[in-house]
Amino acid sequence: MDIELNLKEERETIPNLDKLPFGRVFTSHMFLMNYSEDKGWHSPRIVPFSKIELHPAAIVLHYSQTIFEGLKAYYGTDGKIRLFRPWDNVARLNTSAERLCIPPVDPDLALKAIKTLVWVDREWIPRKRGSSLYIRPFIFGTEGALGVKPSSEYLFVIILCPVSAYYDEGFDPIRIYVTDTYVRAFPGGTGDVKAGGNYAASLKAQEEAKKLGYTQILWLDGIERKYVEEVGTMNIFFYFEGELATPELTGTILPGITRDSVIKLARHLGIPTVERRISIEEVLEGARTGRLKECFGTGTAAVISPVGRIYYKGVEYIINEEKTGPLARRLFDYLTGLQYGEIEDPFGWTITLEAPF
Ligand SMILES: *Cc1c(COP(=O)(O)O)cnc(C)c1O
């Protein structure tokens, strides 16, 4: 299927991209594609960025039949535009779609849509090292009907946001709050897919942690409230003496692409790395005895987010004297080096955009 281009007649003046609040500045264009039962996915097009009209009974507004992805385009040190493992985001979009009864999209078409839209709005990619163009594909049910059932109509949208470097002020560890009141996910639920409803359900815990002065929530498993699962909207890693460990994917954890990259990269660097169950007790004991050398979250937005302080049941635990550790720094430098084209990519994770598609 060809993507129809209906571009703005005049180039928009691009604002100063030096200091951007996350997710509030959008580029000139967006990608749209519709689904209906008789036509399937049809009419892929790139159009001027605008508001979207919705039926007040649209299924998404009532029952949250919506999924999303998040990835970035980077303006390299060599002047080339790069995407990082975008096919994995497309594959995960379809995994999420399957879980929410949303019809799958053709992965080749979705990837082409991402590339074409980024190419059309390439002047919006900030040039400064560390900044990037955030890409947000999402799909939601648009049928106007109040019955609880899968929508018969969908809209697939891709929008773009230029974003500043996550660590403009320095690569400083965050403080996290372990909640034993709220859970993010449970077996059989939707914790392992990027479904909008997961995030609505996590807002209250996040707000409570913020009020107490913590940056993120550390989520425990929903059954025993004993095993560590994720931190905020990131996966989590612990560097114990001689072993890098992250919770195994048991169906309640989002399979992060950064998580997978860190596992593969750490092994490539010769660091013993395991996916296994990690109890909160093991973590706290490690912080007390010093066996836990480092802790960090991983995700597309921050890449690596060091954790310096953990609150659990009235007690605070300090990790690595609240300083960013050498492993977090090394993994961050390596991954961003790949993304900005400064390091030879031995994994085949990056692609460059050089010509229109
Ligand atoms: C998106 C997300 C992540 C990180 O995934 P990446 O592919 O690395 O960006 C981790 N946990 C949750 C809950 C997420 O939504």
Side-chain angles (χ1 to χ4, degrees), residues 22-23 64 66-74 82-97 99-100 110-111 114 132-139 161 163 166 174 176 179 182-187 189-206 209 215-222 227-238 246-266 273 275 278 295-307 328 331-332 334-336 338-339 347 349-350:
F22 181 82
S64 298
T66 180
I67 56 171
F68 68 94
E69 269 305 319
L71 68 158
K72 286 173 165 180
Y74 308 86
R82 279 183 182 74
L83 297 174
F84 187 73
R85 306 183 65 176
W87 45 85
D88 290 312
N89 291 93
V90 169
R92 191 170 63 189
L93 183 71
N94 273 337
T95 305
S96 302
R99 179 65 180 81
L100 266 74
L111 188 53
I114 291 169
S132 57
L133 187 69
Y134 186 80
I135 306 167
R136 169 53 60 89
F138 56 109
I139 306 177
C161 286
V163 294
Y166 199 87
I174 59 168
I176 61 179
T179 177
Y182 303 103
V183 295
R184 193 193 81 87
F186 37 84
T190 56
D192 59 344
V193 298
K194 279 183 116 71
N198 292 347
Y199 305 85
S202 73
L203 295 175
K204 193 162 167 60
Q206 181 65 42
T215 334
Q216 297 279 357
I217 288 281
L218 183 88
W219 299 103
L220 300 179
D221 76 279
Y227 297 100
V228 174
E229 299 216 316
E230 298 203 50
V231 55
T233 57
M234 291 184 285
N235 295 112
I236 191 159
F237 284 77
F238 300 94
T246 190
E248 62 190 333
L249 300 176
T250 51
T252 52
I253 291 173
L254 197 286
I257 293 163
T258 319
R259 173 188 181 279
D260 185 69
S261 304
V262 164
I263 292 170
K264 291 185 172 133
L265 173 57
T273 304
E275 297 172 71
I278 301 161
C295 172
F296 52 85
T298 65
T300 295
V303 188
I304 302 281
S305 189
V307 173
L331 294 167
F332 179 81
Y334 199 112
L335 286 174
T336 56
L338 290 178
Q339 290 164 344
F347 304 99
W349 285 338
T350 54

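One-based numbering, in listed order, for ligands and for the atoms of each.
Counting only heavy atoms of the protein, atom 12 (C) of ligand 1 lies nearest to E230 OE1, 3.4 Å. Nearest protein heavy-atom contact of atom 15 (O) of ligand 1 is Y199 OH, 2.4 Å. The protein non-hydrogen atom at the shortest distance from atom 5 (O) of ligand 1 is G256 CA, 3.4 Å. Closest to atom 8 (O) of ligand 1, if we only count protein heavy atoms, is T258 OG1, 2.6 Å. Regarding atom 9 (O) of ligand 1, its nearest protein heavy-atom neighbour is T300 OG1, 2.6 Å.
Close approach of ligand 1 to R92 (heavy-atom distance below 4.0 Å) involves ligand atoms 5 (O), 6 (P), 7 (O).
No side-chain heavy atom of R82 sits less than 4.5 Å from a side-chain heavy atom of Q339.
Of all non-hydrogen atoms in P247 and I278, the two that sit nearest each other are N-CD1, 3.7 Å. Across every non-hydrogen atom of F237 and R259, the tightest pair is CZ-O, 3.6 Å.
Between atom 2 (C) of ligand 1 and the options E229, R184, R85, K194, the minimum heavy-atom separation is to K194. Counting only non-hydrogen atoms, the option in D88, V303, T233 that gets closest to atom 4 (C) of ligand 1 is T233. Comparing heavy-atom distances from atom 6 (P) of ligand 1 across I257, T298, V193 singles out I257 as nearest.
For the side chain to side chain contact (heavy atoms under 4.5 Å, CB included) criterion with I253, the lone passing option out of D192, N235, T246 is N235.
Only the backbone of M234 comes within 4.0 Å of ligand 1, counting heavy atoms alone; no side-chain atom from C-beta on gets that close. Contacts between N235 and ligand 1 below 4.0 angstrom, taking non-hydrogen atoms only, involve backbone and side chain alike.
Contact check on E230 versus R184 returns a salt bridge, with a Lys/Arg side-chain nitrogen under 4.0 Å from an Asp/Glu carboxylate oxygen. Using a cut-off of 4.0 Å between Lys/Arg side-chain N and Asp/Glu carboxylate O, D88 and R92 are scored as not salt-bridged.
Open room surrounds CZ on F186; 12 or fewer heavy atoms of other groups in view lie less than 6.0 Å from it.
Inclusion of R259 in the set of residues having an N or O under 3.5 Å from an N or O of ligand 1 is not warranted.
Rounding to the nearest 0.5 Å places CZ of F84 at 8.5 Å from OG1 of T300.
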